[in-house]
Amino acid sequence: MHKISKIAVLTSGGDAPGMNPCIRAVVRTALYNGLEVVGVRQGYKGLIENDMYDMSTRSVSNILNLGGTILKTARCLPFKEDAGMDTAYKHLKERGVDALVVIGGDGTFTGALRFSRKFPDIAVMGVPGTIDNDLCGSTYTLGFDTATNTVIEAIDKIRDTADAHDRLFFIEVMGRDSGAIALRAGISCGAEAILLPEKQTAIEDLIKNLKEGKSNKKSSSIVIVAEGDKNGGVYDVAKAVQKEINDYDIKVTILGHLQRGGSPSSFDRILGSRLGFAAVNALIAGETQKMVGLQANHILLTSLEDALNNHEFKLEADLLQMVEVLSI
Ligand code: F6P
């Protein structure tokens, strides 16, 4: 086990509320333990372009409440190539960096694992930061709670106008291949139906369900469509339903990137702080190629390989079952 002395920290992939509290915890935990810290701008792009700066405790003042990431982020294709990784390694070595904290989702971890296998002398620790909540080894990822609350706030507002006009709304939410945001927001807002990538919904069943609701004196209906749903996207779903239901005025809303912004919730501020603190302590303890995650309210380590290989994230069975029961 080699003793580390200088940590680089970066955020990569889609930003997520809670990344800033996590960066703050990484920087301050490292400095507290006598380590130096380098901030990398724009994720792996900053490693390749040598865009890094020394961080002090004041570099992370007053950022707990900020959405986005003060380090900025990017999706960086050149880091997938050997040449990109070699350049990144050279820049880190020139600065004397011997450990790296990467905050991001599955794309970020895939890059981190490849880099760490190629250059094992730089220890790597992952922090699950994505609104999608789709990584194994952490019940919740950073940003998921805030994003879900943002979605709930938006859908509550849509419900007001849907109800005023007796309309049927189809609302698309983010999550890539994960229906985690859709499911939680749908239950929280009393959606009449939730279309998820993890559970195929036949359009005929959806139509039957909506017709039943109408005959059950529902004045408005909300259908949440996760962006990864396999029915062809929110507009196709709305069009297919429109053909069969003509006593409802149908509208479509895509919530889009507003779901990624905003001040982190209390949950994400605490989670970010816990994960950042744990990531640095794990590196000090000699760990590498791992991810820190929340499991049964404890912070535990999972290998990056397991976090990625067991990618199939299971949605809670009781939540899936109750969608139909609670929306009658
Ligand atoms: O991974 C986070 C996420 O917001 C996904 O939910 C979404 O599919 C994707 O990123 C959008 O990426 P971009 O901001 O690059 O368009």
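Whatever order the structure lists them in is the order used to number ligands and atoms, beginning at 1.
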Seminar exercise, completed: Counting from 1 in the order shown, the ligand 1 atoms closer than 4.0 Å to a non-hydrogen atom of G175 are 6 (O)
Exercise. So, does T73 use its side chain to make a donor-acceptor pair with the main chain of G13 at under 3.5 Å?
Worked result: yes
Seminar exercise, completed: Numbered in order shown, the ligand 1 atoms found under 4.0 Å of a heavy atom of D132 are 1 (O), 2 (C), 3 (C), 5 (C), 6 (O)
For this session: List the closest protein heavy-atom neighbour of atom 9 (C) of ligand 1: residue, atom name, distance to the nearest 0.1 Å.
Result: R176 NH2, 3.6 Å
Exercise. Above 12 or not: heavy atoms from other molecules or residues under 6.0 Å from NZ of K6?
Worked result: yes
For this session: Output yes when the distance from some N or O of ligand 1 to some N or O of G14 is under 3.5 Å, and no in every other case.
Result: no
Problem set entry | Atom CD of Q200 with >12 non-hydrogen neighbours under 6.0 angstrom | yes
Seminar exercise, completed: Ranked by distance from atom 4 (O) of ligand 1, the top protein heavy atom is R260 NH1, 2.8 Å
Problem set entry | Between R167 and S220, a side-chain donor and acceptor under 3.5 Å | no
Exercise. Which atoms of ligand 1 are found less than 4.0 Å from any heavy atom of E227?
Worked result: 5 (C), 6 (O), 7 (C), 8 (O)
For this session: Could you point out which residue of V27, V38, L35 forms a side chain to side chain contact (heavy atoms under 4.5 Å, CB included) with I7?
Result: L35
Exercise. Where is the nearest protein heavy atom to atom 12 (O) of ligand 1: which residue, which atom, and how far?
Worked result: R75 NH2, 2.9 Å
Exercise. Short list, please: which atoms of ligand 1 are under 4.0 Å from a heavy atom of I131?
Worked result: 4 (O)
For this session: Check each of I70, L66, L64 against R24 using the side chain to side chain contact (heavy atoms under 4.5 Å, CB included) test, and report the only one that passes.
Result: L64
Problem set entry | Atom indices of ligand 1 within 4.0 angstrom of H257 heavy atoms, with elements | 13 (P), 14 (O), 16 (O)
Exercise. So, is the end of the K118 side chain (NZ or CZ) under 6.0 Å from the ring centre of Y89 and within 45° of the ring's axis?
Worked result: no
